[in-house]
**Student:** 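One structure follows; several queries about it will come next.
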Protein chains: 2
Amino acid sequence: MIRQFFSTNKHALLYGLSLACLIALLKGLEIRYFIFDHSIEIYIGAIAIIFTALGIWLAMKLSRPKIERIVVEKEVFINSGPSVVNEKEITKIGLSNREIEVLRFMAKGLSNQEIASQLYVSLNTVKTHASNIFMKLDVNKRVQAIEKARELGLLNIEKLPG
Amino acid sequence: MIRQFFSTNKHALLYGLSLACLIALLKGLEIRYFIFDHSIEIYIGAIAIIFTALGIWLAMKLSRPKIERIVVEKEVFINSGPSVVNEKEITKIGLSNREIEVLRFMAKGLSNQEIASQLYVSLNTVKTHASNIFMKLDVNKRVQAIEKARELGLLNIEKLPG
DNA sequence: TTTCAGCTCATACTTTCGGGTGATTTTGCA
DNA sequence: TGCAAAATCACCCGAAAGTATGAGCTGAAA
């Protein structure tokens, strides 16, 4: 505790010591006799000025430089969230391969019949897939499903998972 | 020149003045007589310490801080395309105020009936608006309309035009 | 081998959408 | 004050979407 104080304030103590030495020196030289006896105030004033200067110098030396930190926010534009398909979400939700295909066609605005034609399956199959998609995404309309899929990043162009 | 010096060093001059006042005060109180005559050195030491402290304080006050600029990169995600509502497109396409409202509800996945309830109008009215929207956007399915609106940046949150 | 998930398809039914047409009321602007 | 645009509502009909249920087929895992 005390040792720490000594080590951290080493400079200050040193300066204090040299200060004391200076006083001793002043006394030793008997400068005050050099000045007229009635002008003790001048002497004190001189002392005051000297030590004020010393204090300023001390402060300059000791005080760590005052640093004013100005935080400049530089805006870095990033081209929209995850452009990579969010496979984690897909597996978490449990969407099958085929279901994601259907989901993406749905998002492109194709009707169930059109999706059926694209995938070479029947309309009923597409409807079943759609129902399962809605169940897994916890919605009951295709627009909501698309909305949710968009939020979760399921609609990005990439190869289908595994 | 001189005036500028006075104005810029106003604080320093003030402190100097108060310093002089302090000396006068010390003299006025004749503190030195309170202290034993032979211990004039103690008096001087006290003066020295006081003015050193004063100097330090002065330095603290006066030293202007070093300014350090810290550039922080703030990531701004662009939601692909204009994040501000594209009023030009709206006026170009000729979508009315109400139609945009309906369009946005549609994009949230609400059914026509739900939109009607939200807007306190009849289902038929919403259907009419929807038809007009499809006509103006040159599509024939709500999912396509939403898709197109999203491309054109018509779905961003902002006050409606007009 | 059995089990199970995924994909397929079907039937039947209800709800919602979308297109077409026509009409009345509000409202902003000249 | 009157007109044009906007907003409102109605009715009909067919198409599409969504719900519910059941079932056959396949490949991989237990």
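To find a chain, count down the sequence lines: A is the first, B the second, and so on, and within it residues start at 1.
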**Student:** What I'd like to find out is whether the side chain of Val126(A) reaches to under 4.5 Å of the side chain of Phe105(A), using heavy atoms alone.
**Tutor:** no
**Student:** What side chain to side chain donor-acceptor pair (under 3.5 Å) pairs are there with at least one residue in residues 124-133 of chain B, not counting sequence neighbours?
**Tutor:** Ser122(B)-Thr125(B)
**Student:** Please list residues of residues 121-145 of chain B whose heavy atoms come under 4.0 Å from any atom in DNA chain C, ordered by number; otherwise none.
**Tutor:** Lys127(B), Phe134(B), Asn140(B), Lys141(B), Arg142(B)
**Student:** Between C1' on dA28(D) and CG on Asn97(A), what's the gap in Å once rounded to a whole number?
**Tutor:** 15 Å
**Student:** When clusters are formed by joining ILVMFWY residues with side-chain heavy atoms under 4.5 Å apart, either directly or through shared neighbours, do Met106(B) and Phe134(A) land in the same one?
**Tutor:** yes
**Student:** So do Glu147(B) and Ile146(A) actually touch side chain to side chain, heavy atoms under 4.5 Å?
**Tutor:** no
**Student:** Could you state the CD-P distance from Glu99(A) to dT8(C), rounded to the nearest angstrom?
**Tutor:** 10 Å
**Student:** Any salt bridge between Arg98(A) and Glu101(A), counting N to O under 4.0 Å?
**Tutor:** yes
**Student:** Axis-to-axis angle across the helix from dT1(C)-dA30(D) to dA30(C)-dT1(D), five pairs an end, to 10 degrees?
**Tutor:** 50°
**Student:** Which atoms form the tightest heavy-atom contact between Leu103(B) and Ala149(B), and what is the distance?
**Tutor:** CD2-CB, 3.8 Å
**Student:** Work out which heavy atom in Arg142(B) is nearest to a heavy atom in Leu110(B); give both atom names and the distance.
**Tutor:** NH1-O, 3.1 Å
**Student:** Got a sec, which residues hit salt bridge (charged side-chain N to carboxylate O under 4.0 Å, His left out) with Lys141(B), two or more places apart in sequence or on another chain?
**Tutor:** none
**Student:** Could you tell me whether the side chain of Arg104(A) and the main chain of Leu154(A) form a donor-acceptor pair under 3.5 Å?
**Tutor:** yes
**Student:** May I ask you to list the residues of residues 107-117 of chain B, by number, that have any heavy atom positioned under 4.0 Å from an atom of DNA chain D?
**Tutor:** none
**Student:** Between P on dG27(D) and CZ on Arg98(A), what's the gap in Å once rounded to a whole number?
**Tutor:** 15 Å
**Student:** What pairs with Lys108(A) under salt bridge (charged side-chain N to carboxylate O under 4.0 Å, His left out), at least two apart in sequence or on another chain?
**Tutor:** none
